[in-house]
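Below you'll find the structure, written out as structure tokens, and then a few comments.
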Amino acid sequence: MLEQIRKWADGRGERQIYWLKGMAGTGKSTIALTIAREYFDKGRLGASFFFSRGRSDLASVKKFAFTIASQLREILPEFRRQIDDTLLSNQEVHNLGLCDQWDILICQPLSKIDQNPFSSPLVLIVDALDECDNEDDVRLLIQCLASATMIDSIQLRIFVTSRPDQSINFGFGDISREIHLDLNLHDIEQSIVDHDLCLYYRDRLGDIARRSDLGQSDISEPNIHLLVRKSAGLFIHAATVCQFIREGKQLASERLSLLLDVGSLPIAPEKELDKMYTTVLSHSLPKKFDNNERTRLQDLFSHVIGSIVMLFDTMSPESLAIMLNESRLKINSMLNHLRSVLDIQEQDNDRIRILHPSFRDFLLDSERCSDQMFLIDTEGTHYYLLDCCLRLMSSHLRKNMCDLQQPGTRAGKISRSDVDKNIPLPVQYACCYWVYHLRQSNVDPTDHSGIHDFFKTRFLFWLEALSLIGRLSDSITMIEIIEAMLPVSRNHFLNEMLTLTNQRMLLLAFRHSSLG
């Protein structure tokens with residue numbers, strides 16, 4: 001697979017976009033990362049963007065064009081001069097849509113390059129396009145990538161990975177077949193994939209055996225081949241299995257036997273993945289508890305793991321404890337039992353991440369997650385996080401949060417450390433995302449007393465906080481979201497709570513004030 005991609009990237013063929021597609025867990029991102037590292041080492045990685053849902057700016061196209069331009073600026077001296085001139089003459093480019101940003105920041109500067117310092121094509125990598133949170137933006141982004149192939153001054157090779165989602169299929173269907181090459185990972189011979197999985201299992205289980213109670217009989221070839229069959233071509237299945245066994249330590253052999261389950265035959269890949277996730281969760285959490293304790297454990301799982309899955313940005317365990325108003329001990333206890341499916345570093349300030357998007361998909365789908373203990377209610381979790389945000393803002397937001405001595409101090413002159421010290425990161429998150437949790441919860445804003453109280457007592461302090469953290473312009477978008485959510489018959493809420501016209505004028509004035 002890698003050899004085929006290298007041949008395409010180094011060649012002069014007309015198909016400048018390579019779209020690698022496959023279901024979750026088949027290794028797309030690993031391939032993208034490998035190619036990115038190789039071409040970075042060769043000095044030919046023009047830019048890369050790895051989409052990731054739940055990772056703030058990595059889940060949208062908002063900063064896509066700027067990110068690609070910033071990286072191209074570092075590798076192309078003449079592009080650097082062009083983009084600097086462009087930004088000086090287009091100071092409002094950050095307010096434009098994706099297509100205009102892409103044209104101004106990428107296509108026009110690249111087209112003006114007279115001397116190409118590279119004899120071989122530059123490689124651009126866009127990974128996990130399906131992790132972008134807006135389907136319409138995905139189709140626009142594909143159009144943008146296609147437009148870059150028309151640039152004559154420099155040769156580009158654009159490597160894209162995604163699941164074969166319908167919106168992405170439509171997006172590539174809208175551009176000419178002459179400029180993109182498609183490969184479905186499902187088309188690779190199963191024997192080739194199984195061979196790679198065998199190598200992986202032998203290596204990882206051999207390492208685990210040296211550190212635990214696994215014996216040679218546990219990691220025999222028949223057992224490895226059965227694990228390979230059960231992984232059904234999914235590398236994330238194999239990776240999670242090995243991590244689960246490793247976390248078992250003295251019980252590693254017992255966990256391996258549990259997963260082998262010789263009496264059951266391998267089933268469809270997604271079903272096998274769901275079965276594995278259920279097994280991992282069921283045997284990672286404490287088993288002996290009465291009905292009341294089970295209810296509490298289910299609530300804790302829903303709040304902690306559900307929040308990790310539904311948050312719009314990642315958090316450290318410490319920040320998560322503040323966000324959820326739970327003890328750090330309970331948060332750590334839950335996290336420590338689930339290291340097979342979560343990426344948790346030892347340092348307190350490191351953020352918690354799920355190991356793979358397929359775990360999120362599993363938890364949110366009632367048809368896949370058959371155990372109600374682990375099923376996450378999407379709207380209910382967003383409602384819970386909305387309440388958490390409102391509670392944090394109610395208790396922390398106040399006038400002059402950074403205790404500025406001069407009223408005219410510009411926000412840009414205040415150090416980030418001072419801002420973070422006076423506005424804790426969970427409070428910053430609440431200010432930036434509470435409206436988005438409101439929208440996803442499908443709650444009528446007029447029926448939530450906390451929202452009434454917020455606009456009566458904390459609105460101006462919220463604007464001040466957004467200004468201090470450099471996100472003031474987001475407030476207008478959030479107010480518009482709330483306005484769009486209100487039933488026509490209840491627009492009096494706007495008049496009473498927002499006094500919308502005056503508030504918008506205030507926002508615009510605030511944007512151009514010293515804080516803004």
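Index from 1, following the sequence. None of these values were measured; they are calculated from a predicted model. All values below come from the heavy atoms of this structure, side chains included, with hydrogens, waters and symmetry mates left out.
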**OP:** Quick one: which residue pairs count as a ring-ring contact (aromatic ring centres under 6.0 Å, His included) with a foot in residues 89-119, not counting sequence neighbours?
**Re:** F64-W102
Subject >> F66 atom CZ, over 12 foreign heavy atoms within 6.0 Å >> reply: yes
**OP:** Say whether D165 and S167, considering side chains only, have a donor N or O and an acceptor N or O under 3.5 Å apart.
**Re:** no
**OP:** Measure across E131 and R53 and return the closest heavy-atom pair with its distance rounded to 0.1 Å.
**Re:** OE1-N, 2.8 Å
Subject >> F312 and Y433 aromatic ring geometry - parallel, tilted or perpendicular at 30°/60° bounds >> reply: parallel
Subject >> Distance-minimising heavy-atom pair for A9 and V123 >> reply: CB-CG2, 4.1 Å
Original post:
Any luck finding a side-chain donor-acceptor pair between S231 and Y201 under 3.5 Å?
Top reply: yes
**OP:** Could you pull out the closest heavy-atom pair between A465 and C431, with the gap in Å?
**Re:** CB-SG, 3.9 Å
Original post:
Should the pair D361-R163 be classified as a salt bridge under the 4.0 Å nitrogen-to-oxygen rule?
Top reply: yes
Original post:
Taking atom types as modelled, is there a side-chain donor on D130 or S162 under 3.5 Å from an acceptor on the other?
Top reply: no
Original post:
Just wondering, do R157 and R44 contact through their side chains at under 4.5 Å, heavy atoms?
Top reply: no
**OP:** Provide the closest heavy-atom pair for D137 versus L98 in the form atom of the first, atom of the second, distance.
**Re:** O-CD2, 4.0 Å
Original post:
What is the minimum heavy-atom distance between D420 and Q428, and which atoms define it?
Top reply: OD1-NE2, 2.8 Å
Original post:
More than 12 heavy atoms of other residues, nucleotides or ligands under 6.0 Å from NZ of K42: is that the case?
Top reply: yes
**OP:** Of all the heavy-atom pairs spanning G171 and I142, show the shortest one and how long it is.
**Re:** O-CG2, 3.6 Å
**OP:** Could you go through the side-chain contact (heavy atoms from CB on, under 4.5 Å) check for L76 and L122 one step at a time?
**Re:** CA-CA 10 Å; L76 287 168; L122 270 184; 3.9 Å; yes
Original post:
When you check the side-chain N and O atoms of H382 and N442, is any donor under 3.5 Å from an acceptor?
Top reply: no
**OP:** Could you label the plane-to-plane angle of the F362 and Y277 rings as parallel, tilted or perpendicular, counting under 30° as parallel and over 60° as perpendicular?
**Re:** tilted
Subject >> V228 side chain reached by Y200 side chain, heavy atoms, under 4.5 Å >> reply: no
